[in-house]
Trainee: 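Submitted below is the structure of interest, expressed as structure tokens.
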Amino acid sequence: MSKNEKVSKSVIRRLPRYYRFLGELLREGITKISSRELAERMSVTASQIRQDLNCFGGFGQQGYGYNVSELREEIGAILGVNAKHAAVLIGAGNLGRALAVHLDYAKYGCRLCGIFDSNEKLTGASLGGIRVSPLSDLESFCAKAKPVIAILCIPKDSAPDICEKLISLGVKAFWNFSHYDMPQKNLPGVTVENVHLGDSLMALCYGITNSETEKTESPDQM
Ligand code: NAI
């Protein structure tokens, strides 16, 4: 695979879906698939699949299709799912607990190795086999475990200070649930993935609202 610096974010965002579908195919015992068949299963066009995969040099053979296992491995390598990046979770409240306990980090290229909360009443609680530590231990923890990812499950107002601290301690990527808009432009070398579950819900509401509008609108209103 040739590394292409100009791969668009939208292509990168589609790769996890390819990876997941290819895993499902393997579990069904399917070892070879054409871009047309894959496109049908994924409800996208075959040309979209070919274009996306061509960004990385293309993987299929004309008239043969894709080797499912090889393609999944290649996409996994592009995404870095075998990397086991060390991650630290900040904020062991409702959201933090859910993410600590219910997510299989290894599946996504990460290894959750520390959980911190400013509320010392939570110190020592075990979440998914990891003990919650006080913030006073963050520095020594980072020096030892060298986390490169931080998962922020703290209120917006608490986020700026902790982000700055984490960056100074070597964190390079933020999975940010905190609603704090990190000033990414001023943070060279830092990657931020903002997650707002509410945005997804609002998109759903938009979908419902608009399909209802379509139903109630008379043809000449459309
Ligand atoms: P929560 O109140 O249950 O937990 C927040 C935890 O963060 C508390 O345990 C608190 O002690 C801790 N904390 C506060 N400041 C801290 C700091 N500087 N360092 C370490 N720990 C600190 O709240 P919940 O429900 O877990 O939500 C967490 C945040 O995530 C909230 O601000 C909420 O708005 C946001 N949220 C975002 C979602 C999204 O889709 N992006 C979805 C749900 C919540």
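Numbering of ligands and ligand atoms starts at 1, following listing order.
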Trainee: Supply the atom-to-atom distance Glu40 CD to Thr45 OG1, rounded to the nearest 0.5 angstrom.
Mentor: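 Between Glu40 CD and Thr45 OG1, I get 12.0 Å after rounding to 0.5 Å.
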Trainee: From atom 2 (O) of ligand 1, is the closest protein heavy-atom distance below 4.0 Å?
Mentor: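 So far as the 4.0 Å threshold goes, atom 2 (O) of ligand 1 is out of reach of every protein heavy atom.
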Trainee: If you measure from the Lys or Arg side-chain nitrogens to the Asp or Glu carboxylate oxygens, is any gap between Glu24 and Arg41 under 4.0 Å?
Mentor: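 Looking at Glu24 and Arg41, the cut-off is not met.
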Trainee: Answer with yes or no whether the hydrophobic clustering places Val148 together with Phe174; edges join I, L, V, M, F, W, Y residues whose side-chain heavy atoms lie under 4.5 Å apart.
Mentor: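 Different clusters: Val148 never reaches Phe174 through Ile, Leu, Val, Met, Phe, Trp or Tyr contacts under 4.5 Å.
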Trainee: Would you give the length of the straight line joining atom CG of Leu89 to atom CZ of Phe116, rounded to the nearest 0.5 angstrom?
Mentor: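 Atom-to-atom, Leu89:CG and Phe116:CZ are 10.5 Å apart.
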Trainee: Which pair of non-hydrogen atoms, one from Leu138 and one from Ile162, has the smallest distance, and what is that distance?
Mentor: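 What the structure gives for the nearest pair is CD2-CD1, 4.2 Å.
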Trainee: By number and element, which atoms of ligand 1 are closer than 4.0 Å to a non-hydrogen atom of Val195?
Mentor: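 Close to Val195: 39 (C), 40 (O), 41 (N).
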Trainee: Just by distance, do the side chain of Glu37 and the backbone of Ser34 share a donor-acceptor pair under 3.5 Å?
Mentor: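 Pair found, side chain donor or acceptor close to backbone of Ser34.
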Trainee: Could you tell me the separation between the CZ atom of Arg50 and the OG atom of Ser35, rounded to the nearest 0.5 Å?
Mentor: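 Arg50 CZ to Ser35 OG: 4.0 Å, rounded to 0.5 Å.
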Trainee: Would you check whether Ser178 reaches within less than 4.0 Å of ligand 1, judged by its heavy atoms?
Mentor: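 Distance cut 4.0 Å: Ser178 fails for ligand 1.
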Trainee: For Leu197, take its heavy atoms, then give the atoms of ligand 1 lying under 4.0 Å from any of them.
Mentor: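 Per the distance check, 39 (C), 40 (O).
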Trainee: Specify side chain, backbone, both or neither for Cys153, according to which of its non-hydrogen atoms lie closer than 4.0 Å to ligand 1.
Mentor: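 Within the 4.0 Å criterion, Cys153 contacts ligand 1 through backbone atoms alone.
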Trainee: Going by the closest heavy atom to atom 19 (N) of ligand 1, which one wins out of Asp157, Leu135, Leu99?
Mentor: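 Looking at heavy atoms only, the winner is Leu135.
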Trainee: What part of His179, side chain, backbone, both or neither, has a heavy atom within less than 4.0 angstrom of ligand 1?
Mentor: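 The side chain, only.
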Trainee: Give a yes or no on whether Phe177 and Leu135 share a hydrophobic cluster (residues Ile, Leu, Val, Met, Phe, Trp, Tyr; joining criterion: side-chain heavy atoms under 4.5 Å apart).
Mentor: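 No, separate clusters.
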Trainee: Among protein heavy atoms, which lies nearest atom 15 (N) of ligand 1, and at what distance?
Mentor: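 It is Ser158 OG, 3.1 Å.
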Trainee: For ligand 1, which atoms have a heavy atom of Asn119 less than 4.0 angstrom away?
Mentor: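 Atoms satisfying the 4.0 Å criterion: 11 (O).
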Trainee: To the nearest 0.5 Å, how far apart are CG in Leu166 and CD1 in Ile149?
Mentor: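 So the CG of Leu166 and the CD1 of Ile149 are separated by 12.5 Å.
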Trainee: What protein heavy atom sits nearest atom 37 (C) of ligand 1, and how far off is it?
Mentor: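 Among all protein heavy atoms, the one nearest atom 37 (C) of ligand 1 is Phe177 O, 3.0 Å.
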Trainee: Could you find the nearest protein heavy atom to atom 4 (O) of ligand 1 and give me its residue, atom name and distance?
Mentor: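 Ranking protein heavy atoms by distance from atom 4 (O) of ligand 1, first comes Gly93 CA, 3.1 Å.
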Trainee: Ignoring angles and geometry beyond distance, decide whether Phe116 reaches within less than 3.5 Å of ligand 1 through its nitrogen or oxygen atoms.
Mentor: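 N/O-N/O distance under 3.5 Å: no.
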Trainee: Judging by distance only, is a nitrogen or oxygen of Ile162 under 3.5 angstrom from one on ligand 1?
Mentor: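 N/O-N/O distance under 3.5 Å: no.
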Trainee: Counting heavy atoms only, which of Ser200, Ser118, Ala159 is nearest atom 16 (C) of ligand 1?
Mentor: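 It is Ser118 whose heavy atom sits nearest to atom 16 (C) of ligand 1.
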Trainee: Please write down residue, atom name and distance for the protein heavy atom closest to atom 23 (O) of ligand 1.
Mentor: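 Ranked first by proximity to atom 23 (O) of ligand 1 is Asn94 N, 4.5 Å.
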Trainee: Is Leu25 reachable from Tyr19 through a run of I, L, V, M, F, W or Y residues, each pair having side-chain heavy atoms under 4.5 Å apart?
Mentor: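 Per the 4.5 Å side-chain linkage, Tyr19 and Leu25 are co-clustered.
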Trainee: Flag Ile90 as yes when one of its N or O atoms lies below 3.5 Å from any N or O atom of ligand 1, and as no otherwise.
Mentor: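 No, there is no polar N/O contact under 3.5 Å.
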Trainee: Checking the side chain of Ser158 only, and the main-chain atoms of Ile154 only, is there a donor and an acceptor separated by less than 3.5 Å?
Mentor: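 Side chain of Ser158 to backbone of Ile154, a donor-acceptor pair under 3.5 Å: no, none is there.
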Trainee: Any chain of hydrophobic side-chain contacts (each under 4.5 Å) joining Met182 to Trp175?
Mentor: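 Different clusters: Met182 never reaches Trp175 through Ile, Leu, Val, Met, Phe, Trp or Tyr contacts under 4.5 Å.
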Trainee: Nearest protein heavy-atom contact for atom 32 (O) of ligand 1: which residue, which atom, what distance?
Mentor: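 Among all protein heavy atoms, the one nearest atom 32 (O) of ligand 1 is Pro155 CA, 3.1 Å.
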Trainee: Just which atoms of ligand 1 are under 4.0 Å from any heavy atom in Leu122?
Mentor: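 Counting atoms of ligand 1 from 1, those under 4.0 Å from Leu122 are 9 (O).
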Trainee: Tell me, which protein residue and heavy-atom name are nearest atom 43 (C) of ligand 1, and how many Å apart are they?
Mentor: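 Protein heavy atom at minimum distance: Leu95 CD2, 3.9 Å.
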Trainee: If hydrogens are left out, which of Asn194, Asp117, Ile154 has an atom nearest to atom 6 (C) of ligand 1, that is, the closest non-hydrogen atom?
Mentor: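 Selected option, by shortest heavy-atom distance: Asp117.
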Trainee: Using only atom types and a distance under 3.5 Å, with no angle test, would you say the side chain of Asn176 pairs donor to acceptor with the backbone of Tyr180?
Mentor: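 Looks like yes, one N/O pair under 3.5 Å.
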Trainee: Output yes when the distance from some N or O of ligand 1 to some N or O of Ala92 is under 3.5 Å, and no in every other case.
Mentor: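 In fact, backbone or side chain, Ala92 has no N or O that close.
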